[in-house]
S.K.: 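First the structure, then my questions, so here it is.
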2 protein chains.
Amino acid sequence: MSDGCQVRGVFARMGERWSLLICRELNGRAMRFSELRTALPGVSSKVLSSALQRLEEDRLVRRDVTCSRPPRVRYALTPAGESLYQQVTAMAEWIKIYGTLIGPET
Amino acid sequence: MSDGCQVRGVFARMGERWSLLICRELNGRAMRFSELRTALPGVSSKVLSSALQRLEEDRLVRRDVTCSRPPRVRYALTPAGESLYQQVTAMAEWIKIYGTLIGPET
DNA sequence: CGGAATCCGAGAGGATACTG
DNA sequence: CAGTATCCTCTCGGATTCCG
């Protein structure tokens, strides 16, 4: 994000390993850290937290701390994040149609 | 591309440093390697050729060799590449509107 | 002209272990 | 519960040099 081309920044961020999956989980409801962790099989807490931090820096995800001991943290999409996820979904529809034309020949 | 999630693959590829710029240059016309190189200030031939190779693997760009000595190579978007670029352009419109909401606070 | 070969640095992603 | 701390690997981007 922020090397002069906003567009590329959005694609790069959403192209990261867990960004889309995180946004899909958060779409429509806030979730706790551990909820996300179990909803995303294979992610480690370190990887998840750093992915969430980048999404938070981009103001696509919001982090709400409601209690400090025991810690209660909820993650949610911001309005921008929800709006972006809708756009991504639209592009996913395109990929369903043209996706077979692209990618390595396997 | 091809880790089970086509969508992320497309985003990751288009999120790379030169992919979008290459597609923008190739949109509507084929170009020679050296044309691309001068049209994209700051790119080295190694970086450009590896970026083109990845786009070619994804079948978004086509490489045509018309002469071997002296070498004449033309790059062009495939139909899938042109179609994808239109989709990307649509998302770029979204970013023009909502883009101010995202990104680091500078 | 259109690259390939080599080397380097940065950052994403992952495994494992530990903590307030 | 919600992370942080290390350590490792891999890929992209870049600089430089060389080649048919």
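Chain identifiers are assigned alphabetically (A, B, ...) following the order of the sequence lines, protein sequences preceding nucleic acid strands; residue numbering begins at 1 within each chain.
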S.K.: Donor-acceptor check, side chain of B/Ser68 to backbone of B/Pro71, threshold 3.5 angstrom: yes or no?
M.R.: no
S.K.: Describe the nucleic acid contact of A/Arg74 in one word from base, sugar-phosphate, nothing, applying a heavy-atom distance below 4.0 Å.
M.R.: nothing
S.K.: Hey, what's the ring geometry for A/Phe11 with B/Phe11, parallel, tilted or perpendicular (30° and 60° as the breaks)?
M.R.: parallel
S.K.: Residues in ring pair (Phe, Tyr, Trp, His ring centres under 6.0 Å) with B/Trp94, at least two apart?
M.R.: B/Tyr98
S.K.: Please report how far the helix from C/dC1-D/dG20 to C/dG20-D/dC1 bends, comparing the axis fitted to its first five pairs with the axis fitted to its last five, to the nearest 10 degrees.
M.R.: 50°
S.K.: Checking salt bridge (Lys or Arg N to Asp or Glu O under 4.0 Å) for the pair A/Glu56/A/Arg59: CA distance, chi angles, key distance, verdict?
M.R.: CA-CA 5 Å; A/Glu56 205 191 342; A/Arg59 306 183 179 284; over 6 Å; no
S.K.: What is the distance from atom OG of A/Ser44 to atom CZ of A/Arg37, rounded to the nearest 0.5 Å?
M.R.: 6.5 Å
S.K.: What are the bounds, 5' to 3', of the part of DNA chain D that sits under 4.0 Å from heavy atoms of chain B?
M.R.: D/dC12 to D/dG20
S.K.: Measuring from atom CG of B/Leu77 to atom CG of B/Leu84, what distance do you get when rounded to the nearest 0.5 angstrom?
M.R.: 9.0 Å
S.K.: Holding to side chain to side chain contact (heavy atoms under 4.5 Å, CB included), I want the full list of residues that pass it with A/Gln86, two or more places apart in sequence or in another chain.
M.R.: A/Asn27
S.K.: Determine yes or no for a side-chain-to-main-chain donor-acceptor pair under 3.5 angstrom, with B/Thr78 supplying the side chain and B/Arg62 the backbone.
M.R.: no
S.K.: Along DNA chain C, 5' to 3', what are the outermost nucleotides having an atom less than 4.0 Å from a heavy atom of chain A?
M.R.: C/dA12 to C/dG20
S.K.: How do A/Trp18 and A/Arg69 order along DNA chain C: which one's closest nucleotide is nearer the 5' end?
M.R.: A/Trp18
S.K.: To the nearest 0.5 angstrom, please state how far the CD atom of B/Glu16 sits from the CZ atom of A/Arg8.
M.R.: 9.0 Å
S.K.: Which part of the nucleic acid, if any, lies within contact of A/Pro71, taking any heavy atom under 4.0 Å across all strands shown: a base, the sugar-phosphate backbone alone, or nothing?
M.R.: base
S.K.: Are the side chain of A/Arg74 and the backbone of A/Ala30 linked by a donor-acceptor contact shorter than 3.5 Å?
M.R.: yes
S.K.: Enter the distance from A/Leu60:CG to A/Ser83:OG here, rounded to the nearest 0.5 Å.
M.R.: 10.0 Å
S.K.: Tell me which residues in residues 27-55 of chain A put a heavy atom below 4.0 Å from DNA chain C, sorted by number, or none.
M.R.: A/Lys46, A/Val47, A/Arg54
S.K.: Using the side-chain contact (heavy atoms from CB on, under 4.5 Å) rule, pick out the option among B/Leu21, B/Leu20, B/Leu26 that qualifies with B/Arg24.
M.R.: B/Leu21
S.K.: What's the spacing between B/Arg54 CZ and B/Ser19 OG if we round to 0.5 Å?
M.R.: 6.5 Å
